[in-house]
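Every chain is numbered from 1, with letters handed out A, B, ... down the list of sequences.
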Amino acid sequence: MRIGELARLTGTTPRALRYYEEQGLLHPQRRPSGYREYAPDSQHTVRHIQLLLSAGLNTATIAEIVPCIPDETTVLAPTCQELLDLLAEERDRIDAQIAGLTGAKDVLERIMNTSARSGEQGV
DNA sequence: ATTCTTACA
DNA sequence: TGTAAGTA
């Protein structure tokens, strides 16, 4: 199938699919016309990419994960140990972000509580 | 009508 | 990521 159909089937845009390819996430064949030719199962690959993207992983990391997925039917069945290690790192990264955001939120709340008592000098 | 590449108010 | 331009 060509880029337009794959985009329609996966709810993305041709633009995004070309970007994925540029990032080494997809490797469609080329027709003599120069048009990209996608395998029918690339549809599942794109879904996996979108899932990982929504988890906040960057394209470089996703490029390492995608080849670890056996059949395109499975929903990210962690096969290789490599994949599990990468996911563990991402989990830690997210925990770190949560800690950072929680800290930022606390700062704002302290400022708000101070301002609430009008007149006092905040922070 | 679609896709391709390149480039950017 | 959208979009415009100029092709194939």
Side-chain angles (χ1 to χ4, degrees):
Chain A
M1 69 179 93
R2 294 182 311 181
I3 197 169
E5 187 181 8
L6 180 60
R8 189 164 48 64
L9 267 39
T10 56
T12 53
T13 62
R15 177 77 162 90
L17 295 178
R18 295 192 189 97
Y19 177 67
Y20 293 165
E21 179 181 353
E22 188 179 281
Q23 298 301 300
L25 275 38
L26 292 176
H27 310 287
Q29 288 193 304
R30 291 286 183 147
R31 294 184 172 183
S33 61
Y35 286 15
R36 294 173 177 72
E37 179 62 37
Y38 296 89
D41 53 297
S42 58
Q43 178 178 171
H44 299 290
T45 304
V46 173
R47 293 189 190 298
H48 290 156
I49 292 173
Q50 297 179 311
L51 180 65
L52 294 168
L53 238 28
S54 72
L57 277 61
N58 52 240
T59 54
T61 303
I62 297 177
E64 296 184 64
I65 295 178
V66 173
C68 284
I69 301 172
D71 56 298
E72 307 297 62
T73 316
T74 310
V75 182
L76 285 190
T79 26
C80 33
Q81 183 60 45
E82 315 293 329
L83 176 52
L84 290 175
D85 293 337
L86 277 175
L87 295 182
E89 287 180 34
E90 292 304 323
R91 171 178 50 65
D92 295 341
R93 173 184 59 77
I94 291 175
D95 277 337
Q97 290 194 329
I98 289 176
L101 289 173
T102 299
K105 188 182 75 174
D106 289 345
V107 171
L108 294 187
E109 294 185 324
R110 267 155 41 209
I111 294 175
M112 292 171 83
N113 291 326
T114 300
S115 311
R117 288 168 284 159
S118 58
E120 292 180 33
Q121 295 300 307
V123 190

Dot-bracket assigned to DNA chain B with the 3.5 Å Watson-Crick/G-U criterion, [ ] for crossing and | for other-strand pairs, is .|.|||||.
May I ask you to check whether over 12 heavy atoms, not counting those of A/E109, lie within 6.0 Å of atom CD?
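Check passes, neighbour count above 12.
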(Q) Run A/R18 and A/E21 through salt bridge (charged side-chain N to carboxylate O under 4.0 Å, His left out) and show every step you take. (A) CA-CA 5 Å; A/R18 295 192 189 97; A/E21 179 181 353; over 6 Å; no
Check your understanding: Looking at DNA chain C, which of residues 32-42 of chain A put a heavy atom within less than 4.0 Å of it?
Key ->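 The answer is A/Y35.
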Distance, rounded to the nearest Å, where [X] contributes [atom1] and [N] contributes [atom2]:
X     : N     : atom1 : atom2 : value
A/E22 : B/dA7 : CD    : C1'   : 12 Å
A/Y19 : B/dT6 : OH    : C1'   : 17 Å
A/M1  : B/dT2 : CE    : P     : 17 Å
A/Q23 : C/dT1 : CD    : C1'   : 13 Å
A/R18 : B/dT3 : CZ    : P     : 7 Å
A/I3  : C/dA8 : CD1   : P     : 20 Å

Heavy atoms, side chains only, cut-off 4.5 Å: are [X] and [Y] in contact?
X     : Y     : result
A/I65 : A/L87 : yes
A/Y38 : A/V46 : no
A/R36 : A/R30 : yes

**Prompt:** Quick check: does any side chain N or O of A/E37 sit under 3.5 Å from a backbone N or O of A/M1, one acting as donor and the other as acceptor?
**Reply:**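 Pair found, side chain donor or acceptor close to backbone of A/M1.
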For the backbone of A/A16 and the side chain of A/T13, can you confirm whether one donor and one acceptor N or O come within less than 3.5 Å of each other?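 Confirmed, A/T13 side chain pairs with A/A16 backbone.
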- request: Calculate, to the nearest 0.5 Å, the distance between atoms CG and OG belonging to A/L25 and A/S42 respectively.
  value: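 Reported value, rounded in 0.5 Å steps: 12.5 Å.
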**Message:** Looking at A/R30, I'd like to know whether one of its side-chain N or O atoms comes within less than 4.0 Å of OP1 or OP2 on B/dT5.
**Reply:**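 Yes, such a contact exists.
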As a test of understanding, state which of A/T59, A/T61, A/L53 forms a side chain to side chain contact (heavy atoms under 4.5 Å, CB included) with A/L57.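 When side chain to side chain contact (heavy atoms under 4.5 Å, CB included) is applied between A/L57 and each of A/T59, A/T61, A/L53, only A/T61 qualifies.
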Pair of N/O donor and acceptor under 3.5 Å linking C/dT3 base with A/R15 side chain
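Side chain to base: pair found, below 3.5 Å.
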